[in-house]
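Take a look at the structure below.
Count residues from 1 along the sequence.
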Amino acid sequence: MAKEEPPSVSRDLQELQRKLGLLLESFLNNSKVVAFMKSPVGRFLDRHPFVALTVLMFVTMSAIPVGFFLLIVVLTSLGALMGAILLEGLVISVCGLSLLFVLCGLGFLSLALSGIAMMSYVVVSCLMSYWFSPSRPLTQQNANIDCQLAMKFTEAERLGL
């Protein structure tokens, strides 16, 4: 019986990176994307990725409340055609204030979620680059970790902690 060799993790990661690169290239070559990226808003968002991620999360999360608000506006407008003008003004005012509060909450939530997503990306990418570093063999990585722990321990002793 011949043993099958498990697929290499680095080869799989390179294949995934190649596929993602092709997908990103096809997306960036789209004429509408090129036109948007040449606009002032596109250039600003390209220079500020945290703001772009926050805006994307805000727009995505606010689609449902805005849709409900527009549905209520249409339904109350139909009611106004039947003579309920005062009721329409009251309902639109209450719903408008409710939408304002919901959108403010979603704005803060999208800001927090995009911050968490950016921090998670940085932490995971640092850990991945450290763990799968091709320049160091596994035994050398363990030795480096032991040396770093020993240095931190002696430094803590020196400070009296």
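A distance of 15.0 Å separates CZ of R11 from CG of L16, quoted to the nearest 0.5 Å. Atom CG of L53 sits about 14.5 Å away from atom NE2 of H48, to the nearest 0.5 Å. Atom OG of S62 is separated from atom CG of L99 by 8.5 Å, given to the nearest 0.5 angstrom.
Using a 4.5 Å cut-off between side-chain heavy atoms of Ile, Leu, Val, Met, Phe, Trp and Tyr, V34 forms no hydrophobic cluster with any other residue. Grouped by direct or indirect side-chain proximity (heavy atoms under 4.5 Å, Ile/Leu/Val/Met/Phe/Trp/Tyr only), L56 sits alone.
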Step by step, would you call L22 with R18 a side chain to side chain contact (heavy atoms under 4.5 Å, CB included)? CA-CA 6 Å; L22 290 174; R18 185 186 66 78; 3.3 Å; yes
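Cluster membership check: I72 does not share its hydrophobic cluster with L106, using side-chain heavy-atom separations under 4.5 Å among Ile, Leu, Val, Met, Phe, Trp and Tyr. In terms of hydrophobic clustering, with Ile, Leu, Val, Met, Phe, Trp and Tyr side chains grouped at heavy-atom distances under 4.5 Å, V91 and V102 are assigned to different clusters. In terms of hydrophobic clustering, with Ile, Leu, Val, Met, Phe, Trp and Tyr side chains grouped at heavy-atom distances under 4.5 Å, V41 and L28 are assigned to a common cluster. When the side chains of ILVMFWY residues are joined at heavy-atom separations under 4.5 Å, either directly or via intervening members, I64 and L109 end up in two distinct hydrophobic clusters. Both L111 and L113 are members of a single hydrophobic cluster when ILVMFWY side chains are connected at heavy-atom separations under 4.5 Å.
The nearest pair of heavy atoms linking A117 to M57 is CB-CE, 4.4 Å. The minimum heavy-atom distance linking R43 with K38 is given by the pair NE-O, 3.4 Å. Smallest separation of non-hydrogen atoms from M37 and G42: CE-O, 3.8 Å.
Considering only heavy atoms from C-beta on, L70 comes within 4.5 Å of V66 through its side chain. Using a 4.5 Å heavy-atom threshold, the side chains of M118 and V122 count as separate. Residues C104 and L100 meet the side-chain proximity criterion, which asks for heavy atoms closer than 4.5 Å.
For the ring-ring contact (aromatic ring centres under 6.0 Å, His included) condition, no pair includes a residue of residues 50-77, sequence neighbours left out.
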